Amino acid sequence: MKIEKKYYRTIWLENHSDIMVINQTKLPYFFEIEKLSTGDDAFFAIKDMIVRGAPLIGITAAYGVYLYAKEIIGSSNFTEDLRILAEKLKSARPTAVNLSWAVDKQLELISVDKPKDMIIKDLLESAEIMADEDVEINKAIGKNGLELIQEIHNKKGKVNILTHCNAGWFATVDYGTATAPIYLANEAGLDLHVWVDETRPRNQGSKLTAYELLHEGISHSVIADNTGGHLMQNGMVDMVIVGCDRVAANGDVCNKIGTYLKALAAYDNNIPFYVAMPKSTLDMTLASGKDIPIEEREEAELKFFAGLAEGKETEVLVMPEGSNALNYGFDVTPAKYVTGIITEDGIVKPCRDELEKLQTR
Ligand code: MRU
């Protein structure tokens with residue numbers, strides 16, 4: 001994606017050893033780049049949501065294993081210590097399965113029979129490959145999803161798309177998953193409008209998705225989280241496309257809290273509800289969405305609203321100080337409400353048979 005005419009990925013290697021990321025907690029007000037020099041830098045970047053979004057969490061963790069390996073090169077228990085640190089990375093956030101998927105891929109490269117410097121070289125190379133592949137995967141998701149948008153466009157001449165959270169460029173290395181079809185549709189000159197759920201409490205929709213769409217010149221409106229149902233009832237939404245953090249073997253989809261309610265409203269109004277999913281987000285080890293661990297985050301995220309006042313970042317209390325708050329980060333949309341899953345290999349139905357076939361492709 002281009003910011004001020006310069007092309008960026010969300011994560012990249014600099015000076016052959018430093019990992020650079022865009023600090024997403026500063027957006028949309030400030031575009032700041034952070035250097036991750038240590039494994040713990042990567043761990044906290046994920047935990048504190050400097051980087052977020054399932055695919056990007058995975059890639060950051062892959063680089064994190066490399067950073068830890070460099071740090072502990074002097075260790076006499078190198079492989080064992082590295083495995084422990086890799087497990088620590090996996091624990092940074094619980095819901096997005098891409099995190100353990102990426103770390104497990106890195107763990108395959110660690111062996112006592114290999115010289116340490118070779119392991120470090122392989123870990124970096126593999127993280128770089130994962131990052132490049134993420135871009136290609138998202139482009140493929142984009143092409144497959146574009147066909148769906150095109151179909152509606154052919155019938156109606158304009159397409160209104162609702163999306164939740166940020167499954168965009170910022171959630172991946174580039175293009176995004178749910179946004180990739182939107183970006184390609186825009187490039188193809190289709191008339192689009194995107195309804196952007198603000199996505200309380202962290203506002204990934206109003207802060208990140210809106211930022212991306214604005215920079216891409218795509219017509220969009222930010223809506224309060226509870227507005228989607230009303231728009232659907234009034235014929236103002238033609239399709240929903242969301243991302244996902246983990247999809248279980250039966251096609252249940254875990255995504256940012258609030259996704260389920262949008263799926264229910266879409267179902268009630270006969271509006272297609274699509275989930276963009278790279279195969280790395282599929283977890284065939286879990287029979288259903290009931291088994292997906294749901295992240296519970298700090299009360300403070302709900303109690304305080306973070307924004308900009310007079311050019312400075314600030315937080316304001318938005319409820320009685322003494323009230324308790326409950327802050328689940330994700331929910332599960334049962335497969336029956338999902339029209340289709342857009343993957344890099346094509347669009348599949350949310351059911352075990354089709355997901356199993358996908359896994360072996
Ligand atoms: O808590 P976040 O911001 O990491 O949650 C992100 C989402 O729920 C995204 O929609 C999901 O990861 C898909 S990203 C391609």
Side-chain angles (χ1 to χ4, degrees), residues 1 10-11 21-25 27 45-61 92-102 134-135 137-142 145 162-183 194 196-212 225 240-247 253-263 273-283 289 292-298 301-302 306 327-333 338 341-344:
M1 185 168 165
T10 55
I11 189 162
V21 295
I22 295 159
N23 184 344
Q24 299 191 27
T25 65
L27 289 164
I46 297 169
K47 195 171 174 52
D48 299 339
M49 295 179 71
I50 288 168
V51 296
R52 26 73 45 209
L56 182 57
I57 290 173
I59 305 297
T60 307
R93 291 191 70 193
T95 301
V97 73
N98 305 59
L99 179 53
S100 49
W101 170 86
D134 183 67
V135 180
I137 286 166
N138 298 333
K139 274 193 212 164
I141 289 175
L162 184 139
T163 191
H164 191 67
C165 194
N166 174 263
W169 174 61
F170 287 117
T172 64
V173 178
D174 201 355
Y175 287 97
T177 56
T179 53
I182 296 172
Y183 292 145
V194 183
V196 180
D197 282 349
E198 63 170 345
T199 320
R200 279 283 284 146
R202 289 189 70 98
N203 289 64
Q204 292 94 327
S206 58
K207 289 184 172 172
L208 303 175
T209 305
Y211 180 95
E212 290 187 22
D225 284 327
V240 179
I241 314 180
V242 296
C244 51
D245 291 82
R246 200 184 289 228
V247 174
V253 169
C254 183
N255 191 47
K256 181 52 58 191
I257 193 87
T259 303
Y260 170 48
L261 291 177
K262 296 299 136 58
F273 183 93
Y274 285 100
V275 174
M277 180 198 78
K279 290 196 287 180
S280 53
T281 307
L282 178 59
D283 187 352
I292 297 174
I294 302 291
E295 179 175 19
E296 197 177 329
R297 298 187 58 85
E298 289 165 23
E301 285 185 354
L302 259 171
N327 185 13
Y328 283 117
F330 299 90
D331 63 21
V332 174
T333 299
V338 177
I341 299 184
I342 311 167
T343 79
E344 61 268 42

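Starting from 1, each residue takes its place in the sequence as its number. Owing to the predicted nature of the structure, the values given are computational and were not obtained by experimental measurement. Read the numbers this way: they start at 1 and go in the same order the structure lists the ligands and their atoms.
- Atoms of ligand 1 lying under 4.0 Å from at least one heavy atom of Gln204, given by number and element, are 1 (O), 2 (P), 3 (O).
- Proximity of Cys165 to ligand 1, defined as any heavy-atom pair under 4.0 Å, is confined to the side chain (atoms from C-beta onward).
- Under a 4.0 Å N-O distance rule, the pair Lys279/Glu344 does not qualify as a salt bridge.
- When Gly176, Cys244, Gly205 are ranked by how near their heavy atoms come to atom 13 (C) of ligand 1, first place goes to Cys244.
- Interface of Phe330 with ligand 1, defined as ligand atoms under 4.0 Å from a residue heavy atom, comprises 1 (O), 5 (O), 8 (O).
- Residue contact annotation: Asn166 has a non-hydrogen atom under 4.0 Å from ligand 1.
- In this structure, Ala96 falls outside the shell of residues with a heavy atom less than 4.0 angstrom from ligand 1.
- No hydrogens or angles considered: nothing links the side chains of Thr199 and Asp197 as a donor-acceptor pair under 3.5 Å.
- With rounding to the nearest 0.5 Å, the separation of CG in Asn98 from OG1 in Thr60 is 11.0 Å.
- Atoms of ligand 1 found under 4.0 Å from any heavy atom of Ala171 (numbered from 1 in listed order, with element): 14 (S), 15 (C).
- Put simply, SG on Cys254 and CG on Asp283 are 10.5 Å apart, with the number rounded to the nearest 0.5 Å.
- Using a 4.0 Å cut-off between heavy atoms, Met49 contacts ligand 1 through its side chain alone, with no backbone atom that close.
- Between Leu261 atom CG and Thr333 atom OG1 the span is 8.5 Å, to the nearest 0.5 Å.
- The nearest protein atom to atom 8 (O) of ligand 1, hydrogens excluded, is given as Asp245 OD1, 2.8 Å; this is a heavy-atom distance.
- Under the 4.5 Å side-chain criterion, counting only non-hydrogen atoms from C-beta, Ile22 is in contact with Leu27.
- Close contacts between ligand 1 and Lys256 involve ligand atoms 1 (O), 2 (P), 5 (O), 8 (O) [criterion: under 4.0 Å to a heavy atom].
- Within the structure, the closest approach of Arg93 to ligand 1 falls below 4.0 Å when heavy atoms are considered.
- Neither the backbone nor the side chain of Arg202 has any atom closer than 4.0 Å to an atom of ligand 1 (non-hydrogen atoms only).
- The protein heavy-atom contact nearest to atom 10 (O) of ligand 1 is Asn255 OD1, 2.9 Å.
- Checking only distances, Gly243 never comes within under 3.5 Å of ligand 1, N or O to N or O.
- The structure places CZ of Arg93 at 10.0 Å from CG of Asp48, a figure rounded to the nearest 0.5 Å.
- Side-chain contact, Asn166 with Gln24: no donor N or O sits under 3.5 Å from an acceptor N or O.
- Listed by number with element, the atoms of ligand 1 under 4.0 angstrom from any heavy atom of Ala54 are 12 (O), 14 (S).
- Looking at Glu301, Arg202, Glu295 one by one, the single match for side chain to side chain donor-acceptor pair (under 3.5 Å) with Asn327 turns out to be Glu301.
- Of the N or O atoms in Thr177, none lie within a sub-3.5 Å distance of an N or O in ligand 1.
- Between the side chains of Gln204 and Arg52, no donor-acceptor pair of N or O atoms lies under 3.5 Å.
- For a threshold of 3.5 Å applied to N or O pairs, the pair formed by Gly168 and ligand 1 contains no separation below that value.
- In terms of polar-atom proximity, defined here as any N/O pair under 3.5 Å, Arg52 does make such a contact with ligand 1.
- A salt bridge between Arg200 and Asp225 is absent, with no side-chain N of the basic residue lying under 4.0 Å from a carboxylate O of the acidic one.
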